[in-house]
There are 2 protein chains.
Amino acid sequence: MIHLLIHKMKASPNGAMNEAEMTTKIATGAAELPLNQIVPGDCIEVMNSLPEASVDLIFADPPYNLQLKGDLHRPDNSRVDAVDDAWDQFSSFAAYDRFTRDWLAAARRLLKPHGAIWVIGSYHNVFRLGAELQNQGFWILNDVVWRKSNPMPNFRGKRLTNAHETLIWASKQEASKYTFNYDALKALNEGVQMRSDWVLPICSGHERLKDEAGDKAHPTQKPESLLHRVLLGTTNPGDVVLDPFFGTGTTGAVAKMLGRDFIGIEREKSYRDAARARLDKVRKYDRATLEVTQSKRALPRIPFGQLIERGLLRPGEMLVNARGQMAKVRVDGTLIADDIRGSIHQVGAALDGAPSCNGWTYWSFRREGQMVPIDLLRQQLRAELG
Amino acid sequence: MIHLLIHKMKASPNGAMNEAEMTTKIATGAAELPLNQIVPGDCIEVMNSLPEASVDLIFADPPYNLQLKGDLHRPDNSRVDAVDDAWDQFSSFAAYDRFTRDWLAAARRLLKPHGAIWVIGSYHNVFRLGAELQNQGFWILNDVVWRKSNPMPNFRGKRLTNAHETLIWASKQEASKYTFNYDALKALNEGVQMRSDWVLPICSGHERLKDEAGDKAHPTQKPESLLHRVLLGTTNPGDVVLDPFFGTGTTGAVAKMLGRDFIGIEREKSYRDAARARLDKVRKYDRATLEVTQSKRALPRIPFGQLIERGLLRPGEMLVNARGQMAKVRVDGTLIADDIRGSIHQVGAALDGAPSCNGWTYWSFRREGQMVPIDLLRQQLRAELG
DNA sequence: GTTTATTTTGAATCAGTAG
DNA sequence: TCTACTGATTCAAAATAAA
């Protein structure tokens with residue numbers, strides 16, 4: 001913990017280091033995390049200059065290698081403003097694969113052992129991204145489809161409307177204990193577990209950043225709703241989130257709102273400038289707002305024996321399951337039912353012939369003529385213990 | 001055209017060649033297409049024995065290389081019947097890649113110059129499939145997401161519900177003049193152009209083939225609705241459709257209904273037998289059971305959390321009920337009122353001491369001095385999402 | 001026969017802690 | 001590093017049973 005803390009170097013609230021200072025720091029290989037800052041430069045070089053195993057999550061929206069040929073026109077003859085920027089040009093699949101291999105390796109080095117990565121792409125590049133993730137030992141947890149509610153139609157009627165993009169969520173390795181806020185995402189989805197297909201609109205309207213000329217500041221700005229779901233679901237407040245293709249800073253903006261620290265890396269000055277102006281306007285939510293639905297797994301463990309020690313249940317008292325079968329509570333917190341002895345879980349599993357059993361919800365006891373689940377006593381004890 | 005016709009050798013309507021005859025024909029390298037038949041054997045060998053440039057479309061559902069570990073149980077302790085068949089076992093990604101390279105090369109050789117291929121997979125294998133397609137010169141036209149309306153849930157709450165599979169549609173080469181029945185698919189989609197995400201139920205009920213013991217005949221039978229859309233959209237009547245992983249013959253069944261010729265290749269005798277029995281019962285143009293989901297269009301369910309993600313409500317904002325009681329909106333779409341936390345419905349019910357509550361009509365928020373029910377935002381979102 | 005309640009099932013890389 | 005133990009965890013649709 002101390003190891004990581006000494007690397008943290010938060011930007012002052014009033015403003016970040018200027019870019020000249022930043023470049024110097026990076027070039028000298030200072031092992032400090034430029035938290036909540038936008039680092040100029042090539043993302044591979046910058047990542048390699050940062051201390052290894054220091055980042056909780058990486059969100060990466062790399063160039064898509066679109067390979068567009070001529071101009072595309074709408075049926076009314078207006079020209080579609082396509083992604084034709086220099087940063088999206090690669091000479092071949094091999095060149096794109098080399099680039100992918102290098103930046104993914106640099107990203108993997110930066111991740112903590114239990115860290116994870118999100119990448120987003122379209123059919124032009126996502127298969128190469130996914131294959132290389134697997135080749136490097138990342139462990140894919142889900143692929144997620146961002147289903148656009150308002151995609152651009154296919155004007156020529158030669159293919160299906162390309163109405164989605166694909167995200168891949170992967171942990172650093174198979175053994176990683178990745179962060180997944182299951183209950184928060186379930187709450188966000190009105191009580192049913194979140195699926196791998198997310199219906200969200202593209203980034204437009206007020207959210208879409210414009211330059212002085214009124215044109216879009218970045219050709220592929222991602223919606224904040226997408227990052228909200230990613231960061232809420234797979235990071236905790238205070239986590240460090242790095243975006244090596246920061247663009248106009250959607251990842252940073254949502255991270256700031258949600259009380260996560262971000263590191264942005266971006267090569268193009270115009271994008272950095274737009275992102276800085278944007279980030280200055282973002283405010284963090286207060287603590288009560290940031291709090292999310294808590295998982296039961298995070299609650300303190302209460303040994304069943306404590307109910308007896310604390311006098312909430314008496315030794316010798318009988319417990320009953322849903323089928324009316326009974327078991328006697330023994331002084332050491334184990335049960336006995338006929339000749340089956342063991343914990344509340346073991347005896348329940350044995351009676352049901354089941355591979356496992358949650359004894360807390362399986363057993364009830366009698367109080368004033370009523371059957372009361374023993375889990376109620378656990379809740380009572382947890383409340384007492386604060 | 002004549003060149004192709006001489007290769008065609010349709011099965012007699014009353015029955016196909018028996019398997020012994022078939023094997024002999026293949027072994028001698030007879031350059032004839034076994035139309036509307038199921039060829040036994042390894043798909044690579046069989047494909048290499050058929051004449052090149054003779055097939056219009058290939059639909060391939062190869063093994064997914066799932067790499068499952070131990071058993072999985074549902075919360076009710078029942079065991080999940082997993083895909084653990086020998087044909088899905090590969091020793092490494094390298095072995096899977098070799099297999100993929102070989103069968104794709106054999107498939108590409110069989111395709112006519114203007115032919116196309118569909119492959120289907122999950123995140124376990126689809127990135128390797130897509131990358132190898134590109135490596136071999138196939139030209140990806142779309143990736144299509146099959147969004148399952150009734151997927152298996154994630155029982156342990158450790159990941160997102162894996163609710164989709166991915167199909168890739170690619171032509172033999174960039175210059176191919178592939179078949180795309182734009183208007184047919186547009187008609188199928190109620191007059192708006194077909195998108196790259198298809199919502200279809202999994203294969204179950206009467207359509208799911210059972211063996212004598214009443215168990216599923218094949219662990220991964222695909223729904224006919226999926227193949228209906230593929231074949232209707234990317235083939236013409238009379239086209240030759242080849243499926244190298246024929247299984248229990250969904251591709252053949254739909255091809256027969258739609259008046260396309262099929263060639264099935266399948267290694268496992270039990271699958272071939274089930275497929276033959278199935279195909280015998282299929283009649284051309286029996287479309288009644290297809291596209292069942294198309295008709296029912298219920299109002300889309302909008303989770304309250306989406307209002308937050310979409311910025312229609314801000315986290316931290318206060319909601320008010322009819323009695324003037326207030327609750328604060330949290331980032332995961334839950335509310336907090338004093339020490340009561342939960343969904344809009346739960347908190348409303350708790351405040352009223354009621355068993356249930358419709359949060360959508362219970363809560364309002366302040367906009368420009370006016371109190372506005374949150375249900376208005378839901379209606380707004382529904383309109384946007386179409 | 002009709003309606004309602006209960007059971008079954010689906011391509012799944014599905015646990016974490018203490019000793 | 002390995003073993004033992006605790007205890008958290010599911011949605012939609014079809015099939016079957018019950019009323």
Side-chain angles (χ1 to χ4, degrees), chain A residues 114 134 138-143 170-171 174-175 177-178 180 182-183 186 189 191-196 295-305 333-334 342-346 348-349 354-363 374-375 378, chain B residues 61-85 87-90 93 120-126 146 148-166 199 201-208 210 214-216 218-223 245 247 292-293 296 301:
Chain A
H114 299 305
Q134 292 178 314
F138 287 98
W139 192 246
I140 298 183
L141 300 167
N142 277 117
D143 61 336
S171 60
E174 185 177 356
K177 290 175 184 156
Y178 54 92
F180 181 51
Y182 174 78
D183 296 283
K186 188 173 174 179
N189 198 32
V192 293
Q193 57 182 206
M194 187 68 80
R195 301 168 34 125
S196 59
S295 82
K296 284 190 188 170
R297 282 185 251 257
L299 293 172
R301 288 160 80 108
I302 307 282
F304 177 70
T334 58
S343 70
I344 51 173
H345 316 293
Q346 290 167 331
S356 70
C357 166
N358 182 348
W360 291 106
T361 55
Y362 185 86
W363 295 106
I374 59 172
D375 202 32
R378 181 170 65 159
Chain B
D61 181 12
Y64 285 12
N65 188 23
L66 285 188
Q67 310 175 59
L68 301 178
K69 305 276 187 317
D71 277 355
L72 178 65
H73 290 89
R74 299 187 181 79
D76 66 2
N77 273 328
S78 63
R79 201 178 71 88
V80 174
D81 183 18
V83 177
D84 54 0
D85 306 74
W87 49 254
D88 198 44
Q89 308 298 324
F90 294 84
F93 279 131
I120 181 167
S122 66
Y123 66 83
H124 309 83
N125 70 327
V126 77
W146 168 26
K148 302 179 184 181
S149 54
N150 51 344
M152 180 153 64
N154 185 292
F155 295 117
R156 308 301 291 266
K158 301 308 293 181
R159 302 182 178 192
L160 301 163
T161 306
N162 196 3
H164 74 276
E165 294 186 28
T166 302
V199 181
I202 60 176
C203 181
S204 66
H206 290 111
E207 193 185 320
R208 188 88 197 211
K210 303 279 164 51
D215 298 321
K216 52 193 176 192
H218 192 284
T220 69
Q221 187 182 340
K222 296 293 175 290
F245 306 98
V292 284
T293 54
K296 47 175 159 179
R301 192 176 53 84

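Each chain gets a letter, A, B and so on, in the order its sequence line appears, and its residues count up from 1.
Among the heavy atoms of the strands, none lies under 4.0 Å from B:Gly121. Within the nucleic acid shown, A:Arg297 comes within 4.0 Å of sugar-phosphate atoms alone, with no base atom in reach, counting heavy atoms only. Backbone-only contact: A:Arg378 has heavy atoms under 4.0 Å from sugar-phosphate atoms and none from a base. At the heavy-atom level, B:Lys69 lies nowhere under 4.0 Å from the strands shown. Nucleic acid contact for A:Cys357: base, since at least one base atom lies under 4.0 Å from a heavy atom of the residue. Residue-level contact check: A:Ile140 touches the bases, meaning some heavy atom is under 4.0 Å from a base atom. At a threshold of 4.0 angstrom between heavy atoms, the contacts of B:Asn162 are confined to the sugar-phosphate backbone, with no base atom among them. Residue contacts for B:Pro62: at a heavy-atom cut-off of 4.0 Å it reaches a base atom on one of the strands shown. Nucleic acid contact for A:Ile302: sugar-phosphate only, since backbone atoms but no base atoms lie under 4.0 Å from a heavy atom of the residue. Residue B:Asp88 is in base contact, counting any heavy-atom pair closer than 4.0 Å across all strands shown. At a threshold of 4.0 angstrom between heavy atoms, the contacts of A:Glu174 with the nucleic acid are absent.
Closest approach to the B:Leu72 side chain among D:dT9, C:dA11, C:dA12 is made by C:dA12 (side chain taken as heavy atoms from C-beta onward). Among C:dA15, D:dT10, C:dA12, the nucleotide with an atom closest to any side-chain atom of B:Leu68 is C:dA12. You'll find that the side chain of B:Pro153 is closest to D:dT10, out of C:dA12, C:dT17, D:dT10. With distances taken from any side-chain atom of A:Lys177 to the nucleotides C:dG10, D:dT9, C:dT17, the minimum falls on C:dT17. Listed nucleotides D:dA13, D:dT6, C:dA11 differ in distance to B:Ser149; the shortest reach to its side chain belongs to D:dA13. The nucleotide whose nearest atom lies closest to any side-chain atom of B:Ser204 is, among C:dT9, D:dT9, D:dA14, D:dA14. When each of D:dT6, D:dA8, D:dT10 is scored by its nearest atom to the side-chain atoms of A:Tyr182, the top-ranked nucleotide is D:dT10. Out of D:dA8, C:dA11, C:dA12, the shortest distance to the side chain of B:Asp61 is found at C:dA11. Distances were taken from every side-chain heavy atom of B:Met152 (C-beta onward) to each of C:dG16, C:dG10, D:dA8; the shortest belongs to C:dG10. With D:dT9, C:dA11, C:dC14 as the choices, the nucleotide that has an atom nearest any side-chain atom of B:Pro75 turns out to be D:dT9.
Using the six-membered ring where Trp is involved, A:Phe304 and A:Trp360 have ring planes that are perpendicular, over 60° apart on the 30 and 60° scheme.
Straight-line distance between the C1' atoms of C:dA11 and D:dA15: roughly 22 Å, to the nearest whole Å. Atom C1' of D:dT10 sits at a distance of 14 Å from the matching atom of C:dT7, rounded to the whole Å. A gap of 24 Å separates the C1' atoms of D:dT6 and C:dA12, to the nearest Å. Nucleotides C:dG10 and D:dA8 are separated by 28 Å at their P atoms, to the nearest Å. Comparing C:dT9 with D:dT9, their P atoms are spaced 25 Å from each other, to the whole Å. To the nearest whole angstrom, the two C1' atoms, one in C:dC14 and one in D:dG7, are 15 Å apart.
Phosphate proximity of D:dT10 to B:Asn154: absent, as no side-chain N or O sits under 4.0 Å from OP1 or OP2. Within the structure, a side-chain polar atom (N or O) of B:Arg208 is placed less than 4.0 Å from OP1 or OP2 of C:dA11. Within the structure, a side-chain polar atom (N or O) of A:His345 is placed less than 4.0 Å from OP1 or OP2 of D:dG7.
Along DNA chain D, the nucleotide nearest to B:Lys210 and the one nearest to B:Asp76 differ in position, and the one closer to the 5' end is contacted by B:Asp76. In terms of position on DNA chain D, the residue among A:Ser356 and A:Arg195 whose nearest nucleotide sits closer to the 5' end is A:Ser356. The residue among B:Arg156 and B:Pro151 whose nearest nucleotide of DNA chain C is located toward the 5' end is B:Pro151. Heavy-atom distances to DNA chain C give each of B:Gln67 and B:Lys216 a nearest nucleotide, and the one nearer the 5′ end belongs to B:Lys216.
One finds the OG atom of B:Ser122 at 4.5 Å from the NE2 atom of B:His124 (value rounded to the nearest 0.5 Å). Once rounded to the nearest 0.5 Å, the distance linking CG of B:Asn150 with CD1 of B:Ile202 reads 4.0 Å. Taken to the nearest 0.5 Å, the OG1 atom of A:Thr361 stands 9.0 Å off from the CD1 atom of A:Ile344. Going from atom CH2 of A:Trp139 over to atom OH of A:Tyr178 covers 11.0 Å, rounded to the nearest 0.5 Å. Expressed to the nearest 0.5 Å, how far CD of A:Glu174 lies from CD of B:Gln67 amounts to 8.0 Å.
Taking atom CD1 of residue B:Ile202 and atom P of nucleotide D:dA15, one finds them 12 Å apart after rounding to whole Å. When the C1' atom of D:dT10 is taken as reference, atom CG of A:Asn189 falls 14 Å away, rounded to whole Å. Between the P atom of D:dC11 and the CZ atom of B:Phe155 lies a distance of 10 Å, rounded to the nearest Å. Distance B:Trp146 CH2 to C:dG10 P: 13 Å, rounded to the nearest Å. Residue A:Asn358 contributes atom CG, which lies 13 Å from atom C1' of D:dC5 at whole-angstrom precision. One interatomic measurement links the two molecules: NZ of B:Lys148 to C1' of C:dA12, which rounds to 10 Å at whole-angstrom precision. A straight line from CD1 of A:Ile374 to P of D:dT6 spans 12 Å, rounded to a whole angstrom. D:dT9 atom C1' lies 10 Å from atom NZ of B:Lys158, rounded to whole Å.
Nearest heavy-atom pair, B:Pro219 versus B:Asp85, reported as atom, atom and distance to 0.1 Å: CG-OD1, 3.6 Å.
Side chain of B:Asn77 to main chain of A:Pro355: no donor-acceptor pair is present (N/O by atom type, distance under 3.5 Å, no hydrogens or angles). Here the side chain of B:Gln221 pairs no donor or acceptor atom with the backbone of B:His218 at under 3.5 angstrom.
When side chains are defined from C-beta on, B:Pro151 counts as touching A:Arg195, because their heavy atoms get closer than 4.5 Å. Annotation: side chain of A:Asp183 is not in contact with side chain of A:Lys296 (no heavy-atom distance under 4.5 Å).
For B:Lys222 against C:dA11, a side-chain N or O and a base N or O form a donor-acceptor pair under 3.5 Å.
Consecutive Watson-Crick or G-U pairs involving DNA chain D, each under 3.5 Å on both distances, make up stems of three or more pairs at C:2-10 with D:11-19, C:15-19 with D:2-6.
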